[in-house]
Student: 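Below you will find the structure I want to go over with you.
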2 protein chains.
Amino acid sequence: MAIQLASVSPSEIDPLPVSLPQRSMPQRTDAEAGCALYGSLGLEDRRRLQSHSAPVERRAGTLVFEEGDDAAHIYIVAAGVVQEYKMMPDGRRIITAFHYPGELVGLTFGARHSCSAEAATHAVLRRFSRQTLSDFNDRLPGFGQGLLSHLSDELSAVQGRQLLLGRKTAVERVASFLLELAERAARNGDSTTYLWLPMRREAIADHLGLTLETVSRVFSRLRREHLISTERNGWIELLDPEALSEIAEGD
Amino acid sequence: MAIQLASVSPSEIDPLPVSLPQRSMPQRTDAEAGCALYGSLGLEDRRRLQSHSAPVERRAGTLVFEEGDDAAHIYIVAAGVVQEYKMMPDGRRIITAFHYPGELVGLTFGARHSCSAEAATHAVLRRFSRQTLSDFNDRLPGFGQGLLSHLSDELSAVQGRQLLLGRKTAVERVASFLLELAERAARNGDSTTYLWLPMRREAIADHLGLTLETVSRVFSRLRREHLISTERNGWIELLDPEALSEIAEGD
DNA sequence: CGTGTCTTTGAGTATCTTCAAAATTAGTGG
DNA sequence: CCACTAATTTTGAAGATACTCAAAGACACG
């Protein structure tokens with residue numbers, strides 16, 4: 001769960017020749033969407049942070065940073081979806097998080113990134129130096145507290161993921177995943193029943209510790225049982241969140 | 001991975017009538033054991049923190065705090081092992097961490113605990129109020145930074161656990177677990193080949209997302225292949241850390 | 001409209017789990 | 001200190017869930 005940030009409007013990030021499919025790729029344009037850290041900053045501070053950032057564009061599947069890289073920068077997703085992952089020598093991997101527009105990527109206080117990050121779809125990010133973050137931390141009262149509670153929230157979210165990966169069945173994992181996305185959408189003021197899932201089945205599988213075939217089978221089953229319905233462009237509708245919730249908790 | 005703290009000596013915590021089996025239960029007595037947060041505090045500050053703490057004793061299997069409890073206190077393990085866990089309604093659970101003497105338990109900046117914690121063995125802890133932590137945070141320069149990098153380290157450790165729970169086989173999980181304990185022992189200046197594993201097979205299983213039978217079978221296999229040898233009181237010897245490491249990484 | 005990519009579905013298999021019993025260990029009282 | 005009981009660990013056999021391999025179907029793009 002990343003910090004929700006008031007997001008840059010598309011006009012502010014298009015010095016790059018970006019041509020993103022607009023209908024299928026929502027961008028954060030609402031100024032104050034439920035924003036734990038950034039929200040405590042004034043408009044002025046935000047402008048300044050904005051001015052300290054550089055836009056970065058990535059095609060689907062290309063790296064933003066790699067595990068072990070010097071953690072000199074952190075990023076905010078402006079458009080598209082970015083995934084952070086860890087990989088084993090033989091190629092097995094786990095996607096530790098999907099980051100939607102407005103969310104932070106690569107926040108760490110260590111010397112090096114502990115995960116790799118790549119674009120799950122064509123994506124645009126904004127890049128800040130760690131120094132900028134430090135400056136804000138030093139100058140703005142409450143900023144450090146915001147960081148602490150953000151990291152604290154992330155830790156508690158990851159504990160839920162441990163339960164998911166270590167103990168839940170395939171259906172339970174998928175149901176939990178859908179509901180988590182719905183909760184995040186709710187915090188952004190987006191629809192909680194129509195979800196945007198632009199990532200491939202393989203990415204979802206790598207996020208849930210399953211294979212893409214199993215994920216596909218579970219989706220089919222949920223469709224058959226009228227709990228969800230899937231549409232073409234990676235959009236999915238939750239037809240019965242109640243039932244999904246019961247499945248997710250294992251009742 | 002909890003903060004390593006210069007630990008309280010047994011004499012400082014025995015206002016309670018504690019009778020712990022001394023030989024089988026190591027306690028931290030070295031004053032400065034590789035200590036990320038506490039280490040930056042002077043002896044004086046440490047004394048003060050100490051004086052703000054209350055001793056808490058728990059028999060094996062009893063609660064320290066429960067998920068959802070008001071997070072008014074944090075704890076440091078003085079003796080024994082404490083486990084943090086999350087549970088599903090039907091009893092399935094994952095142990096998110098084992099905490100050895102000198103390590104922090106229950107650190108959060110949210111209002112409520114996101115995990116439960118119980119003694120894995122007979123254990124002694126020291127309890128601090130969140131307020132004390134806040135005071136230190138406000139007054140001691142560098143303390144907040146220490147907290148940030150501690151949480152950051154924990155997050156990166158948990159990412160490794162996601163890979164373990166989501167993608168590793170049973171042997172790989174057990175080998176990874178043993179090596180992680182060895183690393184932690186190294187940071188404490190303890191032996192990296194003789195490890196103290198006082199928790200039950202069931203607890204290890206709940207930590208690794210396996211069943212106790214599978215854990216037992218893997219131990220038997222590692223014993224048969226002369227990679228480890230187990231002794232009576234929960235002590236285990238790593239006979240071939242190299243080989244274990246290769247298994248853990250999946251080569 | 002065709003080609004390449006991604007998703008879905010099927011059949012067989014493997015790893016881990018479940019159920020069950022034996023063996024070992026730990027704890028208790030005589 | 002030893003014997004007895006309870007608890008834990010080990011081992012075995014059968015079974016289930018998810019995986020692997022494979023092919024067909026759907027979708028996106030030029």
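The sequence lines fix the lettering, A, B, ..., with proteins before strands; numbering per chain opens at 1.
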Student: Enumerate all atom pairs, one protein N or O and one N or O from nucleotides 23-30 of chain D, separated by less than 3.5 Å.
Tutor:
{"from": "D:dA28", "atom 1": "OP1", "to": "A:Asn233", "atom 2": "OD1", "distance (Å)": "3.4"}

Student: What does A:Ser216 touch in the nucleic acid at a heavy-atom separation under 4.0 angstrom: a base, only the sugar-phosphate, or nothing?
Tutor: base

Student: B:Leu210 has a side chain; which of C:dC16, D:dC21, D:dT10 sits nearest to it?
Tutor: C:dC16

Student: Look at the rings of A:His113 and A:Phe65 and say which category their plane angle falls in: under 30° parallel, 30 to 60° tilted, over 60° perpendicular.
Tutor: parallel

Student: With a cut-off of 6.0 Å (strictly less than), are more than 12 heavy atoms of other residues, nucleotides or ligands near CZ of A:Arg221?
Tutor: no

Student: Find out whether the Lys NZ or Arg CZ of B:Arg201 is both under 6.0 angstrom from the six-membered ring centre of B:Phe219 and within 45° of the ring's axis.
Tutor: yes

Student: Taking atom C1' of C:dC6 as reference, at what distance in whole Å does atom CD of A:Glu202 sit?
Tutor: 10 Å

Student: Can you figure out which of C:dT9, D:dT20, C:dT7 approaches the side chain of A:Thr211 most closely?
Tutor: D:dT20

Student: With respect to the side chain of A:Arg217, which nucleotide from D:dC19, C:dT18, C:dT17 is positioned closest?
Tutor: D:dC19

Student: Would you tell me whether A:Gln159 and B:Ser114 have side-chain atoms, one donor and one acceptor, within less than 3.5 Å of each other?
Tutor: yes

Student: Taking NZ from B:Lys168 and P from D:dC19, how many angstroms apart are they, rounded to a whole number?
Tutor: 18 Å

Student: Between D:dT17 atom P and A:Leu208 atom CG, what is the distance in whole Å?
Tutor: 18 Å

Student: For B:Arg167 and C:dT15, give me the distance from atom CZ to atom C1', rounded to whole Å.
Tutor: 15 Å

Student: How many Å lie between CG on A:Asp206 and P on C:dT7, as a whole number?
Tutor: 12 Å

Student: NA contact type, A:Arg223, heavy-atom cut-off 4.0 Å: base, sugar-phosphate, or nothing?
Tutor: sugar-phosphate

Student: Rounding to an integer number of Å, can you tell me how far A:Arg201 CZ sits from C:dT5 P?
Tutor: 19 Å

Student: Quick check: on DNA chain D, is the nucleotide nearest A:Thr169 upstream (toward 5') of the one nearest A:Glu213, or the reverse? Name the residue that is more 5'.
Tutor: A:Thr169

Student: Show the atom names and distances, to 0.1 Å, of all donor-acceptor pairs under 3.5 Å that link a side chain in residues 241-251 of chain B to residues at least two apart or in another chain.
Tutor:
none

Student: Output the rounded distance in Å from CZ (B:Arg59) to C1' (C:dA26).
Tutor: 15 Å

Student: Check side-chain contact (heavy atoms from CB on, under 4.5 Å) between B:Glu237 and all other residues, then give those that pass, not counting sequence neighbours.
Tutor: B:Tyr194, B:Ser229, B:Glu231, B:Leu239

Student: Where the side chain of B:Arg200 is defined as all heavy atoms beyond and including C-beta, which of D:dT8, C:dT8, D:dC21 is the nearest nucleotide?
Tutor: D:dT8

Student: NA contact type, B:Thr214, heavy-atom cut-off 4.0 Å: base, sugar-phosphate, or nothing?
Tutor: base

Student: Going by salt bridge (charged side-chain N to carboxylate O under 4.0 Å, His left out), A:Asp206 matches just one of A:Arg92, A:Lys86, A:Arg93. Which one?
Tutor: A:Arg93

Student: When the distance from CG of A:Leu165 to P of D:dA18 is rounded to whole Å, what number comes out?
Tutor: 13 Å

